[in-house]
**Student:** 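Could you have a look at this structure, given as structure tokens, before my questions?
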Amino acid sequence: MSKETIGVLVMSYGTPESLEQIEPYYTHIRRGRKPSPEQLAELTARYEAIVGGVFPLRENTNRQVADLEATLNREHPEFSFKCYQGMKHAYPFVEDGVKAMAADGVKRAIGIVLAPHYSVMSVGSYVKRAQGSAEEAGVRLDCVESYHLNPKLIRALSERVTASLEAFGSGAKDDVRVLFTAHSLPERILQMNDPYVDQLMETSRAVAESADVKHWQFSWQSAGATNEPWLGPDLLDTMRMLAAEGVKRLLVCPVGFVSDHLEVLYDLDIEAAGLAAELGLEFARTASLNTDPLYMQALSDEVYAKLTMG
Ligand SMILES: CC1=C(CCC(=O)O)c2cc3nc(cc4[nH]c(cc5[nH]c(cc1n2)c(C)c5CCC(=O)O)c(CCC(=O)O)c4C)C(CCC(=O)O)=C3C
Ligand SMILES: [Fe+2]
């Protein structure tokens with residue numbers, strides 16, 4: 001008997017693959033409005049600062065998707081899993097991923113996002129687009145909406161916090177301040193009953209408990225430059241406040257991000273680390289999950305649970 005093929009739509013924000021792709025990518029993020037030359041130059045400079053001409057960021061996602069497929073097929077050999085990528089702002093788009101699975105004859109599929117926390121503005125919009133095209137294509141698709149307390153995710157994150165604290169050396173548990181961070185969103189999500197903030201606090205608390213962290217707090221990072229207010233406090237402001245309070249050592253754990261990309265490699269490793277140097281703070285950040293087998297298993301467990309238990 002041949003195994004049933006299960007399509008897995010692996011969704012993410014998307015990243016450009018070359019310097020030339022930054023403009024169309026940014027235009028898509030801005031809903032079709034081209035960025036001004038200044039805005040484009042500013043974003044290009046951030047990418048140039050982290051990639052030095054080559055774009056490893058997409059490779060990173062490709063590896064996560066390949067490893068997830070291997071993990072699913074190893075752990076659940078009764079099915080044949082096939083992963084398809086679907087991105088919000090880059091090719092292959094969410095709709096392309098669904099069309100590709102339908103073209104392969106897939107009838108049953110599970111969607112999951114490479115971001116553990118649900119917001120209508122992030123995961124919600126990916127899922128809506130995916131469901132819309134799945135309906136058109138005649139694919140039965142169910143999506144994992146969040147996995148912010150998945151035990152393997154929490155263990156993977158807390159192992160990283162523990163390793164970073166150990167690298168600080170003696171006394172780290174007593175005097176290193178741990179800052180959990182995630183991408184800020186416009187403050188109006190608070191009026192929308194959005195679970196994003198609560199889920200992030202729950203992940204942070206669970207990781208702090210698991211790693212036995214004494215001194216921690218939460219800050220937002222990477223807020224957009226729009227006219228509306230975004231969630232705060234911002235990481236950079238928090239760092240200035242902590243320095244003024246006499247804190248000397250700082251560990252940032254970006255729980256809202258699962259892989260190395262612009263927000264981690266630029267906003268943390270260049271911008272925040274630069275401010276830390278100015279403020280005389282010793283600064284470190286936890287390593288990104290990327291293809292950590294524990295993270296791959298967390299995703300695999302979520303996909304399998306959705307498939308078999310709904
Ligand atoms: C919640 C959230 C996540 C985490 C959840 C998830 O992963 O989904 C995330 C991830 C990412 N965001 C990314 C890149 C960008 N996001 C931007 C702009 C925006 N992000 C927003 C939200 C989020 N973004 C929002 C509300 C905006 C305003 C415009 C809009 O409503 O979309 C801009 C425009 C310029 C700027 O503002 O910097 C860029 C370049 C990359 C890829 C970077 C790389 O290439 O490595 C990743 C993984
Ligand atoms: Fe973003």
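In each ligand, atom 1 is the first atom listed, and ligand 1 is the first ligand listed.
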**Student:** Please state which protein non-hydrogen atom is closest to atom 5 (C) of ligand 1 and give its distance, to 0.1 Å?
**Tutor:** Ala115 CB, 3.8 Å
**Student:** Give me the residue, atom name and distance of the protein heavy atom closest to atom 12 (N) of ligand 1.
**Tutor:**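 Result: Glu263 OE2, 2.8 Å.
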**Student:** Which residue supplies the protein heavy atom nearest to atom 6 (C) of ligand 1, what is that atom called, and how far is it?
**Tutor:** Tyr126 OH, 3.5 Å
**Student:** In the protein, which heavy atom is nearest to atom 29 (C) of ligand 1, and how far is it?
**Tutor:** Ile29 CG2, 3.8 Å
**Student:** Using a strict cut-off of 4.0 Å, indicate which atoms of ligand 1 neighbour a heavy atom of Leu57.
**Tutor:**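 This gives 44 (C), 45 (O), 46 (O) as the contact atoms.
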**Student:** Under a 4.0 angstrom heavy-atom cut-off, which atoms of ligand 1 come close to Leu185?
**Tutor:**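 Those of ligand 1 that fall under 4.0 Å from Leu185 are 1 (C), 22 (C), 26 (C).
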**Student:** So, is Tyr26 polar-close to ligand 1, with some N/O to N/O distance under 3.5 Å?
**Tutor:**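 Checking ligand 1 against Tyr26, no N or O pair falls under 3.5 Å apart.
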**Student:** For atom 37 (O) of ligand 1, what's the nearest protein heavy atom and its distance?
**Tutor:**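 In this structure, atom 37 (O) of ligand 1 has Gly224 CA, 4.4 Å as its nearest protein heavy atom.
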**Student:** Counting only nitrogen or oxygen atoms and a 3.5 angstrom limit, does His261 reach ligand 1?
**Tutor:** no
**Student:** So, for His148 and Thr203, which heavy atoms are closest and what is the spacing to 0.1 Å?
**Tutor:** O-OG1, 2.8 Å
**Student:** What do you reckon, does Arg46 have a nitrogen or oxygen under 3.5 Å from a nitrogen or oxygen of ligand 1?
**Tutor:**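 Right, the criterion is met.
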**Student:** In a table with atom names and distances, give each donor-acceptor pair under 3.5 Å that connects a side chain of residues 278-287 to protein atoms at least two apart or in another chain.
**Tutor:**
from   : atom 1 : to     : atom 2 : distance (Å)
Arg285 : NE     : Asp269 : OD1    : 2.6
Arg285 : NE     : Asp269 : OD2    : 3.3
Arg285 : NH2    : Asp269 : OD2    : 2.9

**Student:** Is it true that His28 and Phe93 have ring centroids separated by less than 6.0 Å?
**Tutor:** yes
**Student:** Taking CD in Glu135 as the centre, count heavy atoms belonging to other residues, nucleotides or ligands within less than 6.0 Å. Is the count above 12?
**Tutor:**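 For Glu135, atom CD is not crowded (no more than 12 foreign heavy atoms under 6.0 Å).
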**Student:** Is the backbone N or O of Ala115 less than 3.5 Å from a side-chain atom of Tyr147, with the two atoms forming a donor-acceptor pair by type?
**Tutor:**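 Here the side-chain-to-backbone pair exists.
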**Student:** Among protein heavy atoms, which sits nearest to atom 28 (C) of ligand 1, and what does the distance come to when rounded to 0.1 Å?
**Tutor:**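 I find the closest protein heavy atom is Trp230 CH2, 3.8 Å.
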**Student:** For ligand 1, which atoms sit closer than 4.0 Å to a heavy atom of Thr15?
**Tutor:**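 In order of number, 44 (C), 45 (O), 46 (O).
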**Student:** Okay, side chain of Glu69, backbone of Cys83: is any donor-acceptor separation there less than 3.5 Å?
**Tutor:**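 The answer is yes, because a donor-acceptor pair under 3.5 Å joins these two groups.
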**Student:** Tell me the protein heavy atom at minimum distance from atom 16 (N) of ligand 1, and give that distance in Å.
**Tutor:**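 In this structure, atom 16 (N) of ligand 1 has Tyr13 OH, 3.0 Å as its nearest protein heavy atom.
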**Student:** Has the side chain of His89 got a donor or acceptor atom that lies under 3.5 Å from a matching backbone atom of Thr15?
**Tutor:** no
**Student:** Can you sort out which atoms of ligand 1 are near Leu262, meaning under 4.0 Å from one of its heavy atoms?
**Tutor:**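 Here the atoms of ligand 1 in question are 43 (C), 44 (C), 46 (O).
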**Student:** Please check this pair: side chain of Ser133 against backbone of Arg129, looking for a donor-acceptor N/O pair closer than 3.5 Å.
**Tutor:**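 At least one qualifying donor-acceptor pair exists.
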**Student:** Keeping to residues at least two apart or across chains, list the side-chain hydrogen bond (donor to acceptor under 3.5 Å, both in side chains) pairs with something in residues 159-170.
**Tutor:** Arg160-Asp292
**Student:** Around atom 22 (C) of ligand 1, find the nearest protein heavy atom and jot down its residue, atom name and distance.
**Tutor:** His183 CE1, 3.4 Å
**Student:** Assess whether ring-ring contact (aromatic ring centres under 6.0 Å, His included) is satisfied between Phe218 and Trp220, documenting all intermediate values.
**Tutor:** CA-CA 7 Å; Phe218 186 89; Trp220 300 99; 4.8 Å; yes
**Student:** So is Ser184 touching ligand 1 or not, going by heavy atoms under 4.0 Å?
**Tutor:**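 False for this residue.
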**Student:** Show me which atoms of ligand 1 lie under 4.0 Å from any heavy atom of Gly14.
**Tutor:**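 Matching atoms, with element in brackets: 42 (C).
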**Student:** Side chain of Gln221, backbone of Glu263: donor and acceptor closer than 3.5 Å?
**Tutor:** yes
